[in-house]
Amino acid sequence: MADDSTQSFKAVDLAVQLSPALKTKPHVVDFGTVFTDHMLTVEWSVTEGWQAPFIRPFTNLSLHPACSSLHYGIQLFEGFKVYRGDDSRLRLFRPMLNMSRMADSAKRACLPAFDQTELLECIRRLVEIDQDWVPQSDSASLYIRPTFISTEPSLGVKRPGRALLYVILCQAGSYFNSEADAISLWADPKYTRAWKGGTGDCKMGGNYGCSLFAQYEADDYGCQQVLWLYGQDHQITEAGTMNIFLHWINQDGEEELATPPLDGIILPGITRRSILELTRKWGEFKVTERYLTMSQLCCAIKQQRVKEMFGSGTACMICPIGHIVYLGENLHIPCRDKQSVTSRLTKELTDIQYGRTPSDWTFMV
């Protein structure tokens, strides 16, 4: 286990080296392909502890060829965004939840503990320096990618004695080619994203890299994402890299918004949590965290009890689902309208993120 008593780095010790030449900012880019001028790095070793955090010009990393993050996947990451409001002020959306999730992932990966508040303050300073990269647009933002890797220069499978925590920023437009349309999902029980006792509830790179093969098979079936199933009863878990929600009339005749529970195989999404909290405040229908199976969904679709289905995540926020290919059958999901839960949540979350609705969920840069 990582040592929780490890003394953390402090934001007050932050050193800054500004880039002598700033990049030209393109107008339209694919998600995650164009990065800002600076990055944050913090090194750690078991002998010297945490070094002072350093904001420097964006550059490549230099790693030992035996680095255990490359060989054994001892690494993790986080992802959240900074938004420029109508008042031109910059806001982060519930960033301490990302810091907490990152700390949980680090513990599971046997990487050293750190002070979450100190890291957030260092990130705030990085965003402040590169603030000109934050667009003033409801359809674009600046994406923050904290990353934590083992830099242990050894082929031994062991707890790292060296590590690097770094943060990079990139432009973020639409995650999918067209978020205005509902996406399609391919569901096949032969692939599993995560399992009980594994790391499905942690934001580790291996969870995403191992999903690629199934993703490309989904493409062969004309679908954009994979609907991940688990167990013999084909439990619905996640949709691509998103948490999933079903708005329906359940077996008891109740209107319900349901999402799978956090049982160790589901990533505890910040957007997921926000959706649950918002809809429970509405008090208009039952909101539950419960297991959902494909047989329940198929039955509900045939009986016209499904109102809508959508995925949620930081990159996509809320993404409606239009149809699912399952065991050779094409299941059609009703589309959203202006009164749908999907549309209402999109507006409420957007208004909070861009400062139109005052909320303690936002953190000012």
* Are the side chain of Arg159 and the backbone of Cys110 linked by a donor-acceptor contact shorter than 3.5 Å? ->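 Here the side-chain-to-backbone pair does not exist.
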* Option passing side-chain hydrogen bond (donor to acceptor under 3.5 Å, both in side chains) with Glu256 (candidates Arg305, Lys286, Arg290, Lys307) ->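 Exactly one option meets the side-chain hydrogen bond (donor to acceptor under 3.5 Å, both in side chains) with Glu256, and it is Arg290.
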* To do: Would you please indicate if the ring centroids of Phe363 and Phe80 are separated by under 6.0 Å?
  =>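 Ring centres of Phe80 and Phe363 not closer than 6.0 Å.
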* For the residue pair Tyr143 and Phe31, is the inter-centroid distance of their aromatic rings smaller than 6.0 Å? ->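 Judged by ring-centre distance (under 6.0 Å), Tyr143 and Phe31 do meet the cut-off.
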* To do: Would you mind listing every ring-ring contact (aromatic ring centres under 6.0 Å, His included) that reaches into residues 283-319, with sequence neighbours excluded?
  =>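 For residues 283-319, and leaving out neighbouring residues, the ring-ring contact (aromatic ring centres under 6.0 Å, His included) pairs sorted by first residue read Phe245-Phe310, His247-Phe285.
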* ILVMFWY network linking Leu142 to Phe35, side-chain heavy atoms under 4.5 angstrom ->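 Shared cluster, no.
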* Any ion pair linking Asp104 and Arg108 (charged N to carboxylate O, less than 4.0 Å)? ->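 Result for this pair is no, no salt bridge flagged.
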* Mind checking the CD-OG spacing from Gln75 to Ser68? Nearest 0.5 Å is all I need. =>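 It is 10.5 Å, given to the nearest 0.5 Å.
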* Distance in Å, Lys347 NZ paired with Thr357 OG1, rounded so as to fall on 0.5 Å steps ->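 The OG1 atom of Thr357 is 6.5 Å from NZ of Lys347, to the nearest 0.5 Å.
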* To do: Identify, with sequence neighbours excluded, every residue that meets side-chain hydrogen bond (donor to acceptor under 3.5 Å, both in side chains) alongside Ser141.
  =>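 Scan of Ser141 (side-chain hydrogen bond (donor to acceptor under 3.5 Å, both in side chains), adjacent residues dropped) gives none.
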* Minimum heavy-atom separation for Ser154 to Tyr72, with atom names? ->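 Scanning both residues completely, I find the closest heavy atoms to be O-CE1, 4.5 Å.
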* Do other residues, nucleotides or ligands put more than 12 heavy atoms under 6.0 Å from the CZ atom of Phe213? ->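 No, the 6.0 Å shell around CZ holds no more than 12 heavy atoms from other groups.
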